[in-house]
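All remarks here apply to the structure that follows.
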Amino acid sequence: MAVSLPPLPYPENALEPHISARTLSFHYGKHHQAYVTNLNKLIEGTDLDDKPLETIIKDSANKSDKAGIFNNAAQVWNHTFYWNSLSPQGGGMPQGALADKIIKDFGSFEEFCTQFKQAGATQFGSGWAWLVLGTDGTLQVTKTSNADLPMVHNQKALLTCDVWEHAYYLDYQNRRPDYLDIFLKHLVNWEFAQKNFEER
Ligand code: MN3
């Protein structure tokens, strides 16, 4: 049973004008697909090839002989999580219990936004900005490099933004802070984050 590429939750042009269909065509159709294809090649015939994606990620994390498997498996998971962190009707403010928790743990929604944009903008090279529920039960903004992700740090991911150049370069060139600003203003899917928060 191979790992499969989940369908995009919306059409490739649904995030325009903020993220173009051209970006989604490459990012989903080429990059995300390539991680799936590479992962399946790497696990074929091994004891991981019938395992769920989360198991493959946790089994291969921090093992130098399984770095290729980890990188591709984590990137499959990260991208699926990222597509769901975006919505054509996104942006604005979270509601309900998650909004209350953000205000309690960050002081204000604006402070959360500042920290999230700062994390994404200062991630050196490729990586991800996250809103996570930490092991101490507080919400935290984090950044990870390359394929690294919250689940291998015992954190519960609520939301992510991809800050690899392939995520924004066609639309924003070197203006990563503008892409992060638009992500929070127009694209972030708070309903998805709320659902992840309720699963904790
Ligand atoms: Mn990407």
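Atoms within each ligand, like the ligands themselves, are counted from 1 in listed order. Because only heavy atoms are used, hydrogens play no part in the values below, and waters and symmetry mates are left out as well, while side chains stay in.
- Inclusion of His32 in the first shell of the Mn ion (ligand 1) is not supported: no N, O or S atom falls under 2.8 Å.
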Donor-acceptor list for residues 116-125 side chains, cut-off 3.5 Å, not counting sequence neighbours:
from: Lys117; atom 1: NZ; to: Asp181; atom 2: OD1; distance (Å): 2.8
from: Thr122; atom 1: OG1; to: Gln118; atom 2: O; distance (Å): 2.7
from: Thr122; atom 1: OG1; to: Lys143; atom 2: NZ; distance (Å): 2.8
from: Gln123; atom 1: NE2; to: Ser126; atom 2: O; distance (Å): 3.3
from: Gln123; atom 1: NE2; to: Ser145; atom 2: OG; distance (Å): 3.1

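- A continuous path of Ile, Leu, Val, Met, Phe, Trp and Tyr side chains, each step under 4.5 Å between heavy atoms, connects Met151 with Phe197, placing both in one hydrophobic cluster.
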Please tabulate, one pair per line, all N/O donor-acceptor pairs under 3.5 Å involving side-chain atoms of residues 2-14, not counting sequence neighbours.
from: Tyr10; atom 1: OH; to: Trp83; atom 2: O; distance (Å): 2.8

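- Ring geometry for His32 against Tyr28 counts as perpendicular: the plane angle is over 60°, on a 0 to 90° scale with 30° as the lower cut.
- Asp162 has its closest N, O or S atom to the Mn ion (ligand 1) at the position named OD2.
- The Mn ion (ligand 1) lies under 2.8 Å from an N, O or S atom belonging to His27.
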